Amino acid sequence: MTLLSHYNYWVVILLMMVGFYTMISRGNLIKKMVGLNVFQTSVFMLYISMGKIRGGTAPILMDAHGESSETAHVLYSNPLPHVLILTAIVVGIATTAVGLALIVRIKETYGSIEEDEINQIEAEGAA
Amino acid sequence: MRIRNLFAVVMMAGIYSLLSAGLFTIMDAVDVAFTEAAVGAGISTVLFLGALALVGHHERKPGHTPLLPLIVVLVTGGALVYGTMDMPPYGDPGNPVHHHVADHYLEESPHEIGIPNIVTAVLASYRGYDTMGETTVVFTAAVAVMLLLARRPRRPEEEEDEA
Amino acid sequence: MREQVIVRVGAKVLVPFIILFGLYVHFHGDYSPGGGFQAGVILAAAFVLYGLVYGLDAVQRVLPPAFVQACAALGVMVFAGVGVLTMFLGGNFLGYGVLAHDPEHGQHYGIIGVEAGVVITVFGVMVSIFYLFAGRGRRSG
Amino acid sequence: MTPPALVLASLLIPALGTVFVLLLRKNPNAREAASLVTAGVLFGTVLRVYRAVMAGDRPAIVLAEPIPGIPIELEAEPLGVLFALIASFLWIVTTLYAIGYMRGHHEENQTRFYTFFAFAIASVMGVAFAGNLFTLFIFYEVLSLSTFPLVTHAGTEAAKRAGRIYLGVLFSTSIVFQLLAIIWTYAIAGTLDFTSGGILSGRAAAGVVPILLGLFVFGVGKAAVMPFHRWLPAAMVAPTPVSALLHAVAVVKAGVFSILKITVYIFGIDFLTQVGASVWLMWVAAATIILGSLVAFTKDNLKARLAYSTVSQLSYIVLGAMLANASGIIGGGMHIAMHAFGKITLFFCAGAIMVVAHKTEISQLKGLGRTMPVTFFAFFIGTLSIVGLPPAGGSWSKWFLGMGALEAGQVGLVAVLMLSSLLSLAYLMEIPLKGFFYAPDEAPHHEGVHEAPTPSLIAIVATAVACLILFVFPEPFYELMTLVVTP
Amino acid sequence: MSEHYVILLVLVPLLASPLCIFSRNARAAWGFAVLACLTSLYLVFQVWAEVMATGPITYHIGDWAPPVGIEYRVDAVNAWVLLIVAVIGSVVAPYARVSVEREVEAGRIPLFYAAFLLCFTGLLGITVTGDVFNVFVFLEVSSLSAYGLIALGQDRRALTSAFRYLIMGSVGATFIVIGIGLMYVMTGSLNMADLAQLLPQVWDTRTIKVAYGFLAVGVFLKLALFPLHLWLPNAYTFAPSAVTAFIAATATKVAVYMLLRFFFTVFGAPFSFDVMRLDMVLLPLALVAIVTMSLVAIFQVNVKRLLAYSSVAQIGYMILGISFASVTGLTAALLHLFNHALMKGALFMCMGCVMYRIGSVHIDAMAGLGKRMPLTMAAFVVAGLSLVGVPLTVGFISKWYLILGALERGWWPVAILVLITSLMALVYVWRVVEVAYFQEFPHDEDTQEAPWALLIPMWALVLANVWFGIDARTTVASAEQAAQTLMGGAP
């Protein structure tokens, strides 16, 4: 039953591609960054979907020094994808911050944040 | 993203983030959801709004639709869908991803580390080095943004603006 | 201008609570969702809010830019410092087990130490970036 | 000094010479003296290597090992000694000549000239004593580079263009064909050492050998086998001493020497004969011989005519190598020597005519022989040697080449050799004939003209006399070459 | 302490970076950077020597055995790449002081060194780790700092090139994350050695093939493989000279390392070449890159851009070597990693010297520099000849192995193409040489040789070009051992 068991991946992929498309097709630099954000967030969902266990629960143990007998019957979701994605989210925001700082500087020096206008200005400068 | 008001675009992206945070909660990733809400919907929206305040709210031209990106995206998406065909079914506890190291974290961390939030245990100890890398990335971002936006003498910049 | 007053008062009331919440998130990270990163973001948010309401100068009087930048750098050193400490105590880098007689306690100390590093850096970075963007806006505007 | 040290010294002496020349740049007399002394010491050193080799020694020394298993190695063997002897001896003569020429011509940047000249000689010694193909390739390229400033000495637009052609052709051929062939050889044989009897025998497939040999022959651009000969006439913009030593002796001879050496020590003449891989290249060489002569005919510029004559004559040596039998190799090796002495005489004369009478075109030379009798008589002797007529040394090498062609069963090639000799006789003899037997067009012009400056004149006479001596006393070269073919 | 060297070599520059922020003093920050780089170099050298002598080193971070924890694992391959990065960092850092004072505002210099050290840390971190996700984290450390550094260029186009690099770099990184995720979902592991054990069981799944594809595209973006190189020429052209010298010599090299590590160690050569036919993708891309980019380089008037296009072409040589899928081919690729770092580092440092005195790297601006700045231009000639592949320089050694590898496969047309493109390199190098040596210096003012602080580090690299061209036994042995490690499957 590929269709049913994978539909959520496909939704995620669709969202991912919306972000990716925005990123590479739009000339507006802000839109590119938004696209990057959407793209990355969707990748996070892909990871988290992988970690999900049906009927599982958040990987926070019921008892601090939980006995194994107690943890055995509770089904926890896989914590590793969560950890990876926490890192990835932070990396994502870091990239966004740098990208936006660049956009601000580009606006200040070129007076535009449209890629084709910038290209035109650069071509004139080179000529 | 055909909306030309960038403000709306940014807000939509923020809402998307918030929704994905909700999805993360549904998928038991509460830590991730918390972070995504704080970062995706919070910090990143604030950053975008801050940037918009500096660069203006409107996209100047209607976006054109070049063919090449569409093809690239279709190929990429197609490849990914193709790839999911052989992926283990969603949520099946028997998937390889849930065993191997994941088992170790779930079963051993109570003895080895002894804190209930296994995500924190993995984050700070088993994969603490990744977290140090993550902290470094954040620090790097700060350095890069400082390099770009730190105060400069006023005069040369005004000359540049006029040029 | 009356809305301004409400906002100002509201902010003044909210900021301490946000800070408190941030600290809770940080120190309760072992038991519930949250940890250094989220706490750092929330703490930064408190000051960002303060800055938005009372202006950049006001918040920079409380937290000078040099201070937050130093925080950003300090956190990394704290995190790595814990690792170096474990190395001096005979473990590997970030091998918290050697921090106490009982390895499990050692793990606790280690995690608290590195989480402190994370919170310091994230707080410092977030506030720094806010300052930079806001400072840019003020001059160009 | 031990023989290996002598081999190394023959590389280091000219290299040190560059240092002395640079140090003494403020005092032209001392600078030229340093050049001369270095040249003399070098010749003495090479003579001692010669004695060691004749005594059966094969002194070798490893300098470095850039690639594991492929060292930079010097080794003196008979063929290399022959080349080193010629080059080092002619360096003395050329330096002498250059002193007169460069001063008489008021050339600029003379220090740079002497510096790179000495450096080029050092690389020639490296080529001569290369112990393996890799070392040969390296010094071959260093030679191209070190002669580049000499070719572009004038610094004019024409000189720059010539320099571009010079480096362009030499680098293109050596990198695209020669280097490919070298690496291919290494891939087949697993070694690049020069070994008696060759290293490819029994390892290379019969179909590969003709291609590989062709890559080498065309890859050694310095041998100027057509169609890769363009650099040679182009490089004639250089001052005459450069043309004389480098483009009539050292550079082009480094080319044909490499081909001889590769034929004998990489392929092995028995292997080549057995596979018949070189037959097509004999005809390429023959074509170059004839075409070069024909083009030489059309040139009125004296140096250009000599340049095409060189193109043609070089292919004699290539032909000798491709004949791949004892007579052919001996003839080729001896022709290196004979052509070197003959051609340098001709270039010296051309330079003297240019410096003293300011004539560059052959049609301007009428009657000049009466005012410069020594120069024109020397030219006559040089011509005899190039054409291969007694009593000049060139007759020996032509004899052996003809024998080689007969032994190889290529009667057609004997015809080519004879035809080409006739052609060269015609286009070279025109010059002394014009000089001695035609009346000058405008008499008064020659009044102030005398012979070349004394140092240059001594050089001219010395090489001309050497051409004659080599007719009666060719033994040293002959003995060396017999050592090459009978291991 | 020596067992901790592998982690310390990353930690030293990492910890020096915050110090630069604290100090707020340009000279002190420079001092920290130089000290940190040299210390790292020393540690790397020790690690390299140990690996060459006794085999791979592993280090369990946090005392957690892999695959539970993160492992550092150094074998002949990454020891070699570490050496490249550390050597270049240690040469560029001393060089940077004078160059950066001229090209970067005084107030930003401490930040510059902080970012430089972070970039250095990131590159070392990518190389030394044995965990695929850790690769991504350090990749971002190096990339983010690189964006900031490139944007520091004086020309405003530095900003747009940095942004373009950021977009393409982030796409690349995200693709790599997707690839890692798909590998993880099929195996449950992130440790490279562990993955190498687990992957063969799931080789024939579509997921793993797609994972392979995503990793490939992501890495290709990072290493600027034609046609995904578009970010590179402008980034190299407009970045400050010291940054260009550093990034050009290291960043793409580390990306090539990632390619080798993923496709040879993690997936294994049999999967890459027998199942995925990687060679059939790499070979045409490499050839097209070499030919077209060399051609484009010939027509550039900005010498930095000329060298940048040449870099894309040279990356093609490395990829070509990899596509041979043989020990000789890989040896050639690995040698060229090192050798190209030496020559391009030296060449871009020359451009830094020219920039310092003339303020431009336009080819016309270099007229007559052969006389005015003899040492700088002599360095350009030697490093340029190395780029062409003239004997007695390192360039020749890499070409030698590359052609040997091509002939071993029987691909002699490829061998000829490599030789012909060497001539194209000769053309573009020679254009600069001719302008510098055969034209008169146009300005009246008294332009002098670059300061010694620039010349000494540059000549150190230039002499290395010659030294390792004359005696390549160490480098060849190291590269060969690395190549054997890669072809032998899991280390």
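Since this is a predicted model, take the numbers as computed values, not measurements.
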Participant: With a 4.5 Å limit on heavy-atom distance, are the side chains of N92(C) and I61(E) in contact?
Facilitator: no

Participant: Check whether L15(E) gets within reach of chain C through its side chain, its backbone, both or neither, counting any heavy atom under 4.5 Å.
Facilitator: both

Participant: Quick check for you: to the nearest 0.5 Å, what is the distance between L94(C) atom CG and H60(E) atom NE2?
Facilitator: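 Those atoms lie 14.5 Å apart.
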
Participant: Pick one of side chain, backbone, both or neither for L11(E), based on which atoms fall under 4.5 Å of a heavy atom in chain C.
Facilitator: side chain

Participant: Taking CZ in F22(E) as the centre, count heavy atoms belonging to other residues, nucleotides or ligands within less than 6.0 Å. Is the count above 12?
Facilitator: yes

Participant: Does atom OH (Y54(C)) have a neighbourhood of more than 12 heavy atoms from anything else shown, all under 6.0 Å?
Facilitator: yes

Participant: To the nearest 0.5 Å, tell me how far I21(E) CD1 sits from C71(C) SG.
Facilitator: 12.5 Å

Participant: Among G110(C), G83(C), A66(C), single out the residue with the greatest number of heavy-atom pairs under 4.5 Å to chain E.
Facilitator: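 Option with the greatest count: A66(C).
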
Participant: Within the structure provided, determine whether Y72(E) and F93(C) are in side-chain contact (heavy-atom separation under 4.5 Å).
Facilitator: no

Participant: Let me know if A72(C) has heavy atoms under 4.5 Å from chain E in its side chain, its backbone, both or neither.
Facilitator: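 Neither part.
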
Participant: Taking the side chain as every heavy atom from C-beta outward, state whether E3(E) and M87(C) have any pair of such atoms under 4.5 Å apart.
Facilitator: no

Participant: Do you know which of C20(E), P18(E), G62(E) has the most heavy-atom pairs with chain C at a distance under 4.5 angstrom?
Facilitator: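 Option with the greatest count: G62(E).
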
